[in-house]
Amino acid sequence: MEMDIFPYNLHLSGSPMKKDSQKNQPSTTQTPSPHHHQHHEEEDESLNLRNLSKVILPPLGVSSFNQYQTHCKWIVVPMDSRYRGWESFMVVLVAYSAWVYPFEVAFLNSSPNKKLYIADNIVDLFFAIDIVLTFFVAYIDPRTQLLVRHPKKIAMRYISTWFLMDVASTIPFEALGYLITGKEKMGLSYSLLGILRFWRLRRVKQLFTRLEKDIRFSYFWVRCARLLSVTLFLVHCAGCLYYLLADRYPHPGKTWIGAWNPNYRETSLWIRYISAIYWSITTMTTVGYGDLHAVNTVEMIFIIFYMLFNLGLTAYLIGNMTNLVVEGTRRTMEFRNSIEAASNFVSRNRLPPRLKGQILAYMCLRFKAENLNQHQLIEQLPKSICKSICQHLFFPTVEKVYLFKGVSREILLLLVAKMKAEYIPPREDVIMQNEAPDDVYIIVSGEVEIIDCEMEKEIFVGTLQTGDMFGEVGALCCRPQNFTYRTKTLSQLLRLKTNALIEAMQSKQDDNVAILRNFLQHHKKLTDLNIGELLVEGGGEEDGDPNMSFNLLTVASTGNAAFLDELLKARLDPDIGDSKGRTPLHIAAAKGHEECVLVLLKHACNIHLRDSYLIITIHCIVDINGNTALWEAISSKHHSIFRILYHCAAISDPYTAGDLLSTATKRNNQTVMKELLKSGLNIDSKDRHGLTAIQVAMAENHVDMVNLLVMNGADVVDADTYEFSSTRLNEMLHKREIGHRITVHDNTTNEVILKKIEEEGECGKSKGVNYERVSIYRGHPVVRKEHCCHESGRLIRLPNSLEELKNIAGEKFGFDASNAMVTNEEGSEIDSIEVIRDNDKLFIVEDTNI
């Protein structure tokens, strides 16, 4: 059994014989020159296709497998080139003997040709030599797939299989007949024994089978040659046999050729042979009989069986030829059908001509690209070979891309192995504006336009050339694409998944920093691309600064949390500040980028850092110790960010609430104070100097601030120690007794609120009514404690009924509270207004929270 392996374009590093000859030589460490290495690769490639047919697969698990080692120096390896040459020579002799034998039996029986007789004996001699040689040819065990080289096993196998048939087909029966009878004319019995020579035809079959597997030859033409050889051989044998029937028939005039020419034996040999072949071909193709036809019964019987045999032969030939032709035109027909279907789809849906052109151009380009079978071929190969192919094809282009300058070769090879090449026709949108950042593209050839779409109007921004990259802004910043990228010409692009790029960046810290630095420095210069969110305005830092502090601040200001996270993973300082001392946390909190705040907190930024905040007064510039990120968040009314920062700051600093209230009081910033009170801060919290906000306000003599704090329930203690008007303070306290608010809304001024309180107070006095007050909160008290809910409550006058209380709560909190449940601080349900007392805390629980 023989095994041939012909994989596609694999690299074979020299022949195994050469390896064995070098096995025992001492090894030396030597670095070959590039020229020597290239020459060696070319030599190996030239040997590749020739050596592949000699490969024997080693058995699984066997490490020391030598396929060419023999136990005897006389044993011949069947894959050896010299033995293959001998086999090819024997195939030529087989073709000669199979063609000449029927001709001699049919046409030369009466007058043997001595030259052909000598040639036949010489051919038989070569086949006898081949029989002897076969006893020394190793074979592949069909069970173990191992090459058997033991002489006795080889001999026993040959004797038990093909030996007798090979000997029978090699015996010169004509020569034996001449020695026995003394007659040169062959008898019928000797002619029948000569049929054994057809046994040699199995060698021709083996040759065609091996050629069909050899990629150096076209499968189509090898298959056609095989079918043509079978057809011609059968036509030749049938013609010779049909003539033999006429020649041996006792009545020469009553034969197919005698009816046509009674003296046919006197005509030339060439005319008789052509007549027999003519009959054979017309009978096989079923276009006869007009001139040559069967005359006697023997000829009719022969034609019956010949026609039945032709049915099977014709089906075999038509089936094979149809398969070859259809396989060659299948993809073309599928392409034409898909084009026709696309045209019908465009016409049926009335698509514009531009879309029709794009669809047809894409389908044509895909058909041409699929003809190359690039992706299918690469997917069939081992991963190591795929990496080598990608490295050879794409690495020179990828290493020149700006994003990968200074990146290690290891990371580049990892990225190149994950890239896929695509052909994109002209005027095709590769990336759409506001599309998800799934892929990054590198231009290998062609041009790509950058389009900015605004209000259904396309604005041309720029053109990218070979070696440029696009899609990386959305990928690194984890946000929708800024622009539409459209091919201007036929372009070859390398596509890389965003996830693959991020994973490669995270695998090596130094390369991560290098890629991010390249990205930021590159986009500083691309002012024409309008990427203002990522540009550094006004310089501020040199391009060579390894910390990239200003870039870190810029990314924080844009709200790109994913990119900010990558910068911080590159071990940049999260507390770096600008010239005003503002850190990334200050900027993110002020602009309301909650995700950026969470990223900065994850990387352990300092919450308590202050910037260089200054107040310019009429007389001088007063430094009041700067702002924290908490102040930036609350002053910008970003309550969700404020709650996050406050929760973190209060853990490490118990004076956080008092310091914020005192700072707002010192600056007499009533807007911030209202926002702090809305966030639920205790108005009587003390700062790190032991002072409350009301004490600071009275010390600073901020009348409006004192009024705001008093009306929101601030506890006034030691009022006599401050230089504040006791009369005003008593008036404020008196007003608080008759009307109290927890928070003051922005759209209502203090004067309006005070006026309303005075009117209500006068009305209450005139009626002699003492109003009871209660605090209402939204949500169940237990749930609020578990989730640390800081939503502020409302202090209202106790209504006359529970239904009225629910209506007021619904108006205050903005939901339908008609079916809500009212509970106290312990969660007990209240079903009557009479059980509620002054200053009670009530909780309004919606149906979904019960």
Peer 1: Determine whether a donor-acceptor pair (N or O, by modelled atom type, separation under 3.5 Å) exists between the side chain of Thr322 and the backbone of Gly319.
Peer 2: no

Peer 1: So, Thr583 and Asp575: side-chain donor and acceptor under 3.5 Å apart, yes or no?
Peer 2: no

Peer 1: Can you tell me if His593 uses its side chain to pair, donor with acceptor, with the backbone of Ile587 under 3.5 Å?
Peer 2: no

Peer 1: A quick test of your reading: do over 12 heavy atoms of other residues, nucleotides or ligands sit less than 6.0 Å from CD of Gln492?
Peer 2: yes

Peer 1: Side chains of residues 461-470: which donor-acceptor partners sit under 3.5 Å, not counting sequence neighbours?
Peer 2:
| from | atom 1 | to | atom 2 | distance (Å) |
| --- | --- | --- | --- | --- |
| Asp468 | OD2 | Gln465 | N | 2.7 |

Peer 1: Quick one: OH on Tyr441 to CG on Leu496, what's the gap to the nearest 0.5 Å?
Peer 2: 10.5 Å

Peer 1: Under a 3.5 Å threshold, yes or no: a donor from one side chain and an acceptor from the other, between Asp452 and Gln433?
Peer 2: yes

Peer 1: Check the surroundings of atom CD in Glu410: do more than 12 heavy atoms from other residues, nucleotides or ligands lie under 6.0 Å from it?
Peer 2: no

Peer 1: Which residues pass the salt bridge (charged side-chain N to carboxylate O under 4.0 Å, His left out) test with Asp429, not counting sequence neighbours?
Peer 2: Arg486

Peer 1: When you compare the side chain of Ile431 with that of Thr484, does any pair of heavy atoms fall below 4.5 Å?
Peer 2: no

Peer 1: For the pair Thr487 (side chain) and Glu428 (backbone), establish whether a donor and an acceptor sit closer than 3.5 Å, ignoring hydrogens and angles.
Peer 2: yes

Peer 1: Counting only N and O atoms by type, is there a donor-acceptor contact under 3.5 Å from the side chain of His638 to the main-chain atoms of Ala590?
Peer 2: yes

Peer 1: Evaluate Arg427 against Glu449 for salt bridge (charged side-chain N to carboxylate O under 4.0 Å, His left out), listing each step before the verdict.
Peer 2: CA-CA 9 Å; Arg427 311 302 301 168; Glu449 295 179 336; 3.1 Å; yes

Peer 1: Using salt bridge (charged side-chain N to carboxylate O under 4.0 Å, His left out), reason through Lys497 and Asp438 one step at a time and then give a plain yes or no.
Peer 2: CA-CA 6 Å; Lys497 287 291 183 182; Asp438 296 329; over 6 Å; no

Peer 1: Answer yes or no: does atom NZ of Lys400 have more than 12 heavy-atom neighbours from other residues, nucleotides or ligands under 6.0 Å?
Peer 2: no

Peer 1: Give the minimum heavy-atom separation between Val597 and Ala589, together with the two atoms involved.
Peer 2: CG2-N, 4.0 Å

Peer 1: I'd like to know if the side chain of Ser347 reaches the main chain of Asn344, judged simply by a donor and an acceptor atom lying under 3.5 Å from each other, with no hydrogens or angles considered.
Peer 2: no

Peer 1: Less than 3.5 Å apart, any donor N or O on the side chain of Thr489 or Glu447 sitting next to an acceptor on the other?
Peer 2: no

Peer 1: Going by atom types only, do Arg223 and Asn320 share a side-chain donor-acceptor pair under 3.5 Å?
Peer 2: yes

Peer 1: Assess the residue pair Arg582 and Glu632 against the criterion (salt bridge (charged side-chain N to carboxylate O under 4.0 Å, His left out)); give the C-alpha distance rounded to whole Å, side-chain angles, the decisive distance to 0.1 Å, and a yes or no.
Peer 2: CA-CA 10 Å; Arg582 290 166 58 86; Glu632 296 289 349; 3.4 Å; yes

Peer 1: Would one find more than 12 heavy atoms of other residues, nucleotides or ligands at under 6.0 Å from atom CZ of Phe815?
Peer 2: yes

Peer 1: Any luck finding a side-chain donor-acceptor pair between Tyr402 and Glu472 under 3.5 Å?
Peer 2: yes

Peer 1: Once the angle between the rings of Tyr646 and Phe642 is folded into 0 to 90°, is it parallel (under 30°), tilted (30 to 60°) or perpendicular (over 60°)?
Peer 2: parallel

